[in-house]
Amino acid sequence: MGGGDRGEDRGGVRRARGGGCRVRARSDDRPRPRESRDAGRRDRRPGPPDEPPGTRVPEPAARRPPSVGPGPLRGPFFIRGGTSQGRMGPEEESGAPSDASVQAKVLAYWERTGVPGRAIADRPGAPEFWFTEGPMTANGAPHLGHLISRVLKDVELRYHRMRGERIVSSLGGWDCHGLPVELEIEKRHGLKSKKEIEAFGVERFCEECRSSVLEAAAQFTEMSRQLGFWLDYEHAYRTMDPGYIESVWWSLRTLFDRGLLEKGHYVLPYCPRCETPLSSHEVAQGYRETSDPSVTVRFPLVRDAPIARELLVWTTTPWTLPANLLVAARADVEYSVVREDDGRELLLASAALPRYFPHGANVVERLHGRALAGATYRPPFDTPGPAPGRYRVVLDDSVVTAEGTGFVHIAPSFGPEDQRIGAREGVGVFDPLDGRGVFTDVVPLVRGRPFKAADPVLLRDLADRGRLYRSETIRHVYPFCWRCDTALLYRAIDSWFVRTSRATDRLVRHNETVRWVPEHLRDGRFGNFLTEAKDWALSRNRFWGTPLPIWVCPDGHATCVGSFAELAERLGAPLPEPFDPHRVAVDRLALRCPTCGQPARREPYTIDAWYDSGSAPFAQYHHPFAPGPFSPERPLDFVAEGIDQTRGWYYSLLVIATLLFDRPAYRACLTNGHVLDESGRKMSKSKGNAIEPLSLLARFGADPVRWTFLSIDFTEPMRLGETTIQRSSARTLGTLLNVVAFHLEAAGTELPPPSAGRPAARGALDRWLLSRLEGTRADIEAGLSRYELGVAAAAVRSFVDDLSTWYLRRSRPRLRAESDAEDRRAARSTLSYALLGLARAIAPLVPFTSEWIVQEVGGSHFASPESSVHLSGWPGPLAERDPALEEGMREVRDLVEIGRELRQRAGVKSRVPLAELVVFDTLELGEEGTALLAAEINVRRIVRSTSADQSSYPESDWVVRDDGGVLRAALPRRPTEELRQDGLAREVARRLQQRRKELGLRYEETVSIDLSTTGELAEALAPRREDLARELLAEPLRLTDEPLGAGPDVATWEFEGLSFSARVRRRAG
RNA sequence: GGGCCCGUAGCUUAGCCUGGCUGGAGCGACCGUCUUAUAAGCGGUAGGUCGACGGUUCAAAUCCGUCCGGGCCCA
């Protein structure tokens, strides 16, 4: 869409392939041009582009960032029914995979097996979810704004697809027409004006526009591919296609017949460089602060009196003074006559006196505006020449005194109010500018000067003639062309209008039915805009756009053509084959006026490209000329774009739906804020702080980027940088990947089979995890159903946290070979089940990570498309919720925290066991809860006490947690001697484990250990030698009091005044 | 000049609609800690006029008003 890439460079990477012309008459069934077929076939090739078919992606290749930037044209990448090429070879050795390697692997799998095409395949008969992709401006390079709204759309579309719904439609879309594209071509050929374009050749110019669009589309498609944004790009709609244009014509004809499309001569914002008027919503995109003259000019009254009187008139546009025809005053405003030292008298509003005479003025008379009505004056320049009624003071209520002098200079060509007043007074118009905003011969003084450049010359002339009272410069906000950044001017011009002002109440009413996210937009920014809706200036004096299908005969009868068939009929001849309904081809066609029979010529306009994009819901189906699922009664269920589209696509969609079908355009509207850099500044190429989507995706992978957008509040302006992405993705996605990696490694070949189903979990920890899993699934479902994506993300974050820091932490021994077989199986199947369930529930959010988990934990290892999570349905309830259990576990975890605090206060490290923890008056923890608590804080037993009597726990022997007089728990200050020795053994074991790790030993590898120590430590170790050996997988573990001597495999440790040394050796074999 | 949004610890923020528990949490800092998944986890410490002022109320981060600051949009 047009609004997307304001301020971005348009110098996209140019690819050598020319744009094949796809244009043909609608009856034409010839195959597509070669180029797009080639592009398609390319991607049909199995495996990643750089690999021969069917080979495994080697590790190093997976670590390399996916290729971006200049490269071969990829073309549409979602090919339906792609072939499967067998499985990918064995899994990586060990350790958690990086996001980038996950992404590369999953992407290759999808493209090899055609999963995306199958996932988005049409499902006739299924419940429908109506959506339309806002057509992307096929121009310039994608930026972060494109990226984020595509993430939001993709999440919702995936969710609804998983629910079994039929997405109407899943087509991608390209906004092909309009100034952005034209500017690109102008730049490429150094064209400076419309005249030069005409000399260049309009047909050739349009042809270049067309191919430029096709080239730019490739970059956007690549971004979507890397992001995992699944739409049907192969059949993407394009606003320049003949069928699309015919649908737009049909809609314009409908409006024309209803009297809602009319020609007028009104003052409109006008870009002198582009030589075309702009619509108010385009102007809205281009305001910025600038410096302008602020001048006050003397307008001498023509009067029959000895004392000269002069009106003071203020303006910020001196260049409009040569077009002055009237001065407006207000009847009920009081004006003062101020006598100057030289005897001349000045008139200005009394309210303006402080601004002009801060130190007081010699006011000789006061009068009201009405007394001045009809007074004549000498104009600042005499260019327009005399005519009846000119150069008079007229009265108008639009005059204000908050700024200026209370006298308003009226140039009917150059302002909406001016035009109205001029028309009322019948003084005609006078426009001394040509189409480029350059003064013509009628003002010799500034002939040939662009309007702004005339200011200094005109001011100097006024000063020379003593007519300039005051000249200053002000900073104020002024509109500039949103595309070429030229200062706009307001001028009267012929234009075709869509009469939106006649539908204001319906626009407002329809908007009230929309679910806006964030909600405040409905009645706030967007709602306000609707209530002041002005007529939509539709026509553009340009080349590359949908031609306005209106022909006018010399008598002024206008004929609006609503289809190609009608055009042929009115032409009395078949249309040329192939027919390209763009300028030149269409301009050539002269109709016979149906009213008077005279030849009629087409109005030489194109239409606002925003009208094209607002027609997308029906025009993408070539409605009403081709059969399709579109229904005039049904609004879209969902659209999502950036906040800038409140004045862009959201608006044009609503206007067109209202005028054409008298219904809202969409039911829900998800809107994201702008992306700022890390210090809160706007991103722009010129500032060098812009982040390119493709490089971002290459560096971090799609899911970390997606996750970041979902985790921050995307409805407000977002600060975003690399650290933001690193942090938010490491925290949740990184943790999740590590949980999976741990599970896979610990389970090894004993990974539960994929068909295992819901485990019959008996243990509290397992049941707790499943209960939490189901709660999470339900929260995600609720969030996505209400378009509250942040709610879904928060639920995932909290679950992953619990999964990692509590379930896995407490289950590590169970998951390894250390526990009994049944418990081990229970833990593994529970974890597998939870990971697979979670993966399905987060598939819409992080499709790559989700797919990887399902493939690896599910055991299908990227073998077939059938196993893809994205072809599975949205999960129903995954387990029983058990609120009491969740609450009990909360209590256990609270007590763990308390226990740790008590340990810290007692100064006893966790690895030194203590005899007991006494807990008071808490929930029933159950046997398992008690065991978890005891294990986690390393006490031999938990004692539950109901007598909260502090005196039983003297401070000399106990540390006590006391919450405002209520005892929670008590812990002995010191271990018993035996426990202390246990602790010492732990110290030794911990250090030797560390040593094992340093030596790079795997868990199951056995070692031989010679351990030398004396005294207290030897005493502690001797009786615990067997346990120690088992734990360290040491065969043998030899204890000695002889020094071990030196050697590279001997290490010595000291702690708490004790020391030992050990020789740890890997056992051969 | 108008409209909308935002303002809570150095940073990111929850809580505000529907007033009441000691204003929670994450990052960062510091001290300590964890028998080997993690850029991790855990305990503790420091860090808050909840933008300012006024009002309503027994009670205000929360409701109302005014103002200040920032952002976006419009004129």
Side-chain angles (χ1 to χ4, degrees), chain A residues 94-96 98 280-281 283-285 287 400 402-403 416 476-479 518-529 531-532 642-644 646-647 673-674 676 678-682 711-713 715-720 723-724 726-746 790 794 797-798 800-801 804-806 808-813 815-816 818 893 896-905 907-912 936-938 963-964 983 985-1003 1028 1031-1032:
Chain A
S94 68
S98 70
S280 53
H281 48 274
V283 176
Q285 319 234 356
Y287 281 90
V400 294
E403 58 182 5
H476 66 161
V477 178
Y478 192 82
E519 211 178 341
H520 60 78
L521 290 174
R522 188 189 64 202
D523 300 321
R525 187 184 288 198
F526 192 72
N528 285 334
F529 187 56
T531 56
E532 42 194 67
I643 183 119
D644 47 328
T646 49
R647 307 294 159 129
H674 283 126
L676 309 172
E678 265 169 337
S679 50
R681 294 174 310 163
K682 226 176 192 167
S711 302
I712 58 183
D713 180 6
T715 64
E716 293 295 322
M718 295 157 271
R719 293 184 180 197
L720 194 80
T723 51
T724 324
Q726 244 152 4
R727 273 187 208 152
S728 72
S729 71
R731 177 161 173 73
T732 299
L733 295 184
T735 303
L736 178 58
L737 287 181
N738 272 301
V739 171
V740 175
F742 179 87
H743 178 45
L744 293 175
E745 182 168 6
R797 189 162 42 244
S798 145
V800 169
D801 205 54
S804 167
T805 65
W806 187 243
L808 198 71
R809 178 180 169 81
R810 285 312 334 146
S811 298
R812 272 193 305 230
L815 289 163
R816 294 223 183 88
E818 300 157 27
R893 296 179 72 182
V896 166
E897 288 188 14
I898 290 171
R900 290 221 177 90
E901 183 197 330
L902 293 177
R903 267 188 172 277
Q904 168 140 347
R905 279 164 50 198
V908 183
K909 290 176 179 176
S910 288
R911 73 180 78 100
V912 178
E936 187 61 22
I937 56 172
N938 200 13
D963 285 349
R986 291 260 62 75
E987 291 282 5
V988 171
R990 187 177 72 84
R991 285 166 168 79
L992 290 174
Q993 294 284 21
Q994 186 64 33
R995 182 76 184 144
R996 281 185 61 115
K997 197 178 184 184
E998 284 163 13
L999 293 171
L1001 295 167
R1002 299 181 53 77
Y1003 296 122
L1028 209 53
E1031 188 178 336
L1032 293 166

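Lettering follows sequence order; numbering is per chain, from 1.
- Rounded to whole Å, the P atom of B/rU22 lies 36 Å from the corresponding atom of B/rG69.
- Spacing of C1' atoms, B/rU45 relative to B/rU38, comes out at 26 Å, to the nearest Å.
- With RNA chain B read from its 5' end, the first of the two nearest nucleotides for A/H520 and A/N938 is the one closest to A/H520.
- In this structure, B/rA9 makes no Watson-Crick or G-U wobble pair, since no nucleotide meets both defining distances under 3.5 angstrom.
- Across the protein-nucleic acid pair, A/E716 atom CD and B/rC73 atom C1' stand 13 Å apart, rounded to whole Å.
- For the P atom pair drawn from B/rU18 and B/rC6, the interatomic distance equals 16 Å after rounding to whole Å.
- The distance from the CZ atom of A/F742 to the CZ atom of A/R812 is 6.0 Å, given to the nearest 0.5 Å.
- B/rG19 is unpaired under the Watson-Crick or G-U wobble criterion, no partner having all donor-acceptor distances under 3.5 Å.
- Between the A/D801 side chain and the A/R797 main chain, no donor and acceptor come within less than 3.5 Å of each other.
- Between the P atom of B/rU8 and the CG atom of A/D713 lies a distance of 14 Å, rounded to the nearest Å.
- We find that CG of A/L737 is positioned 15 Å from P of B/rA40, with the value rounded to whole Å.
- The same atom, P, is picked in B/rG10 and in B/rC50; the two are 13 Å apart, to the nearest Å.
- Note on A/T715: nothing from the nucleic acid sits closer than 4.0 angstrom, heavy atoms only.
- Using atom P as the reference point in both B/rC67 and B/rA59, the two lie 26 Å apart (nearest Å).
- The side chain of A/R525 lies closest to B/rG3 when the candidates are B/rC5, B/rA37, B/rG3.
- The gap from the C1' atom of B/rU8 to that of B/rG15 amounts to 10 Å, rounded to the nearest Å.
- Interatomic distance, CZ of A/R986 versus CG of A/N938, reported as 8.0 Å (0.5 Å rounding).
- With a cut-off of 3.5 Å on both Watson-Crick or G-U wobble distances, the partner of B/rC72 is given as B/rG3.
- Taking CZ of A/R903 as the reference point, atom CD1 of A/I898 lies at 15.0 Å (rounded to 0.5 Å).
- OP1 or OP2 of B/rU36 has at least one side-chain nitrogen or oxygen of A/R812 nearer than 4.0 Å.
- One atom, CZ of A/R647, and another, C1' of B/rA75, lie 11 Å apart when rounded to the nearest Å.
- Across all strands shown, nothing is found opposite B/rA61 as a Watson-Crick or G-U wobble partner with both distances under 3.5 Å.
- Across every strand in view, B/rC42 sits in a pair with B/rG32 that passes the Watson-Crick or G-U test at under 3.5 angstrom.
- Taking atom CZ on A/R903 and atom P on B/rG32, their separation rounds to 18 Å, with Å as the unit.
- Comparing the C1' positions of B/rG65 and B/rU56 gives an interatomic distance of 11 Å, to the nearest angstrom.
- Taking atom CZ of A/F742 as the reference point, atom P of B/rA40 lies 18 Å away to the nearest angstrom.
- The CD-P distance, from A/E745 to B/rU36, rounds to 14 Å in whole Å.
- Base-pair partner of B/rU66: B/rA52 (Watson-Crick or G-U wobble, both distances under 3.5 Å).
- Remark: A/R893 does not engage A/E936 in a salt bridge, criterion side-chain N to carboxylate O under 4.0 Å.
- A/T715 contributes atom OG1, which lies 11.5 Å from atom CD of A/E519 (distance to the nearest 0.5 angstrom).
- Straight-line distance between the P atoms of B/rC27 and B/rG70: roughly 32 Å, to the nearest whole Å.
- Sequence order on RNA chain B of the closest nucleotides to A/R986 and A/T805 puts A/R986 first from the 5' end.
- Side-chain atoms of A/L808 lie closest to B/rA37 of the nucleotides B/rA37, B/rG71, B/rC72.
- Checking B/rU38, B/rG71, B/rC5 against the side-chain heavy atoms of A/P717 singles out B/rG71 as nearest.
- Protein atom CD of A/E987 is 13 Å distant from nucleotide atom P of B/rU36, rounded to whole Å.
- Not a single donor-acceptor pair under 3.5 Å links the side chain of A/S804 to the backbone N or O of A/V800.
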